[in-house]
Colleague: 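What follows is a structure written as structure tokens; I'll ask about it next.
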Amino acid sequence: MQPHQPLFGAYNARHAEPDVVAKTFIMPEKIFGLLCKGENSLLIGPRGSGKTTLLKMLRPTALCMWTAPERSEIFPSVNFTAVYIAADSSWNDRMSLYPTGSNAYAIFEILRDATLVNSAMIAMVDAILECTAKHLQGNSDYERFRIDLCEDREAEFVREISKAWRLGPEILSLRSLRRSIEARASELDEIYFEVAKLKQDVPLERLRERRYLSIPILSAMQSFVSVANDVFECPRRKWAFCMDEIEILSDEQQRELVRAMRSTDQRMIFKLSASPFSHALFRRDDPSVPMGGNDFTPITLTFHRKHEAIRFGRKLVRAMLRDAGYELTEDQIFGESEFEVRPARLNEGGSPYKPGGRRHAALTALKKADPAFAKYLERRGIDLEIVHTATEDERAEIRKLIQIAEIRREFGRTNRFKVGDDERTRHRSRKRVNKLYTGAEALLTIAEGNPRWIIGIFRPLIDPPAPGRAVPVERQARSIALAISRYLSLLSTIQYPRSPQVLWPVTKAIHLVGKWFFEDITSENFKTEPALSVFVDQGLSDQEVEAFGAAVNQGAFVFIPSQQSEHCLGNIREQRFRLTYLLSPRYQLPLMYGSVVSLSRILHNAKSGIGGQYTLKDIIG
Amino acid sequence: MKDDKRQIIVLPSDARNDFDIGFYVVGYEGRSRFVMSKIGPNVKKIIGLVYDRTLGISFPENLQFAEKNGVELFELSDYQTDRSMSFVRYVERALGASTGRDGEIRILVDVSSMDRSLMARLFYTIIEVCKTPFRLRVVYAPALFREPTFEFRPIKIRSPAIPELAGRLQHSDGNITLILGLGYEYGVALGLVQSLEPDKCVAFFPIGGDKRFEEAVNKANFDLGFGEEKPYIFRYFYSQPALMFERLYSLGSAASSDELIIIAPNGPKIFAAMATLVGLIKHPYVSILRVSLESPSERRQVEAEGTIVSVDVVAQS
């Protein structure tokens, strides 16, 4: 018997074919609808948040093969043909060996830019090939993308575009055109190896002789649109250039693409994807940058509100469960979360707030052990014995307290005891995940609506499939602990400049933030709004912001919109972020974002708290 | 194993133990002089490569050993790119002055204390400039086991080991196969898998020595749990470098035309040496990656365990 091959096994859509992308696509509410509008868009999200999948879903093949019920609402609004272009970081690796400003570096900059243009050309040719694909002939939805490619037109297109792109295909066919672009990529490589091997710099004048090296990407795109629309007699056809991961491009390339969103050419739109932090995107001192809302629609892929993340996560987990043959719901399989608060339940006969109920017992125990909590209840006039009969407003206040109370009860001062003159805390290892964080809703909150994390946490729990069986909390806790350890080890490769002489892994700085939050929530005073988010203030150096930004791009901190800025467009200074819920179990924090504290206050005032080294033990013990 | 174009063959070492010229690093590790203390008397000319004279630990003793044994010292500078060509010129001169018996020059290279870039630069230079036929013996002294600190060190630079080993440019949709050498470098293997997002991943796990070493490698790599990206794990005996080379070469040869093989050779230096040779032979289809980490908070002594692992690279015209 063939072992079960999960559909949702792959983390990354980068190499997936459009039909596979379409088959596994779970639509994040509203987001895909916005992206499908015929206007410029900027997708903003950390690694794993689904940017590549969303952009690849715009390709004609993917849209035509998508069968989900939501499709009927979305598909009619698509009035463009997508060209998917993936960015590539190979040049960054190659160039890291050479000092900026050196002649070799300048040569490689030219080659790097030409490589991007080359990749875009291949993507454009592929888009034409996609619009002439035989396997979709007969699909009525495909008609709007279809290009009628008779031999004469193909030859004319290839002849005209070759002039603009300075290519010389052997024969006038699309396949030959593609091969000649590939050959140019090899030529770029040859120049690189010439410089690398001969240790001689190719004179820049010699590079200028190769005129194709100076074709700007926008000019290549414009030529394509003009030639294609003219030759294929579709003058109004709109082309959407979907450029993925623009943050790995050079600053200049990023700026050029972003500025393109101010283009007035109605035949061209841009769908760009980027991580939240970037040096080059939307610099405030650059008057030529486009405006979010006017020139493009910013679309943020992180969910600062957890209910949205949970809703999307449920859709994905349900699809995974269906695919694995489960008939039970995620709530039946993973159980209820201790943190879970469902208002409807409060009115049910078995309210957990009724004397004898689970929450009543926990809150009463905390009241008894934690004088600060008891004082708070007294001051607010909250009587735990009758809270289940209280008004909706009063119950809302209690609901808000539950997570904080649970954390204080489980990890707080009530667990500290005196040994002689010392105060010690009953040992609760940070590396072991407490059962508070298990259960369907907590797991989904921790996964942050990030498809890669959802798959990473849930896949090991349902694989191999055991339909009909619930997953024990211990196993859930282990899966979270492993996901956290892996994630921290990934983050630990990012540098944080503790001082000009001392570089830390950024995880050490994150540790300080987590510890600060924990101290605040378990402090002597009972706080209903403990500090659980940070403000990237002016007290931080550019290098610190850089390190923090790299962590944001990996999803370690989640942007919280404000009235001033609804989206994080590259600049993270003076913005608010919360620590990702994925790390909440590690620092024993509630799954909420509380009040805000300046990041510099935490990082600069904290005594290191951890030794000089940050080791495996800090992560997995 | 043979590459038709360059006529380079990798074989188990022959019985002879005499050499016309030898290269090794005069470093801070105690083991850096181990091989030369055993084989050095049979090497006509020994060149000691010096990174930095201020590294401490065993450097003073290693320097003393070098001076006492007539080792010629060469201070390393920009060997990774060698833009000044000082390295290639020096090695070329040194090799040119060596005359082998029966016309074959016999070269010894001890990789035990070399970083991956220096190893790549030296092999690259020898293969480029040395007259054929020559026999290059690559030797390695495994380290005595010491419980690693598992200290996390941020990545300073990720780059090709040397520019010449960058591998060809890949169309962004092209396939990538990542071959990982596993070692103590905690977080690096997983970080590479996650950042390079390969289509296929093969991890080479070193065995055959101290069991505690294997346990430590296992621990540093989450008991080989890389999450959803499950690499194929290949266990190799680091005492059998010719076999190791053969496996790596096969993987490199199996690559399709639109595929790039990236080898990140962490783990024992002999693995890095074999990977580098594959990269040189299979150029430009194989890229050798070097991940340079921040310096450790404290340098630790590394002593030789007492054995020497070796393999011969024979180049013919």
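Chain A is the first sequence line, chain B the second, and so forth, proteins listed ahead of strands; every chain is numbered from 1. Note that the coordinates shown come from a computational prediction; the quantities given were computed from them, not determined experimentally.
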Colleague: Would Glu29(B) and Arg146(B) pass as an ion pair if we require N to O under 4.0 Å?
Modeller: no

Colleague: Between Ser90(A) and chain B, which part of the residue has a heavy atom less than 4.5 Å away: side chain, backbone, both or neither?
Modeller: side chain

Colleague: Where on Ile162(B) is there a heavy atom nearer than 4.5 Å to chain A: the side chain, the backbone, both, or neither?
Modeller: backbone

Colleague: Please flag which part of Ile494(A) lies under 4.5 Å from any non-hydrogen atom of chain B: side chain, backbone, both or neither.
Modeller: backbone

Colleague: The test is side chain to side chain contact (heavy atoms under 4.5 Å, CB included); show your working for Asn221(B) and Leu190(B) and say whether it passes.
Modeller: CA-CA 8 Å; Asn221(B) 293 286; Leu190(B) 183 63; over 6 Å; no

Colleague: Does Lys200(B) have any salt bridge (Lys or Arg N to Asp or Glu O under 4.0 Å) partners at least two apart in sequence or in another chain, and if so, which?
Modeller: Glu259(B)

Colleague: Which region of Tyr192(A), side chain (C-beta onward) or backbone (N, CA, C, O), has a non-hydrogen atom less than 4.5 Å from a non-hydrogen atom of chain B, or is it both or neither?
Modeller: side chain

Colleague: Which one of Asn92(A), Leu188(A), Leu503(A) has the most heavy-atom pairs closer than 4.5 Å to chain B?
Modeller: Leu503(A)

Colleague: Got a sec, which residues hit ring pair (Phe, Tyr, Trp, His ring centres under 6.0 Å) with Phe458(A), two or more places apart in sequence or on another chain?
Modeller: Phe334(A)

Colleague: Side chain, backbone, both or neither: which part of Ser186(A) has an atom under 4.5 Å from a heavy atom of chain B?
Modeller: neither

Colleague: Using the side chain to side chain donor-acceptor pair (under 3.5 Å) rule, pick out the option among Glu164(B), Glu128(B), His283(B) that qualifies with Lys197(A).
Modeller: His283(B)

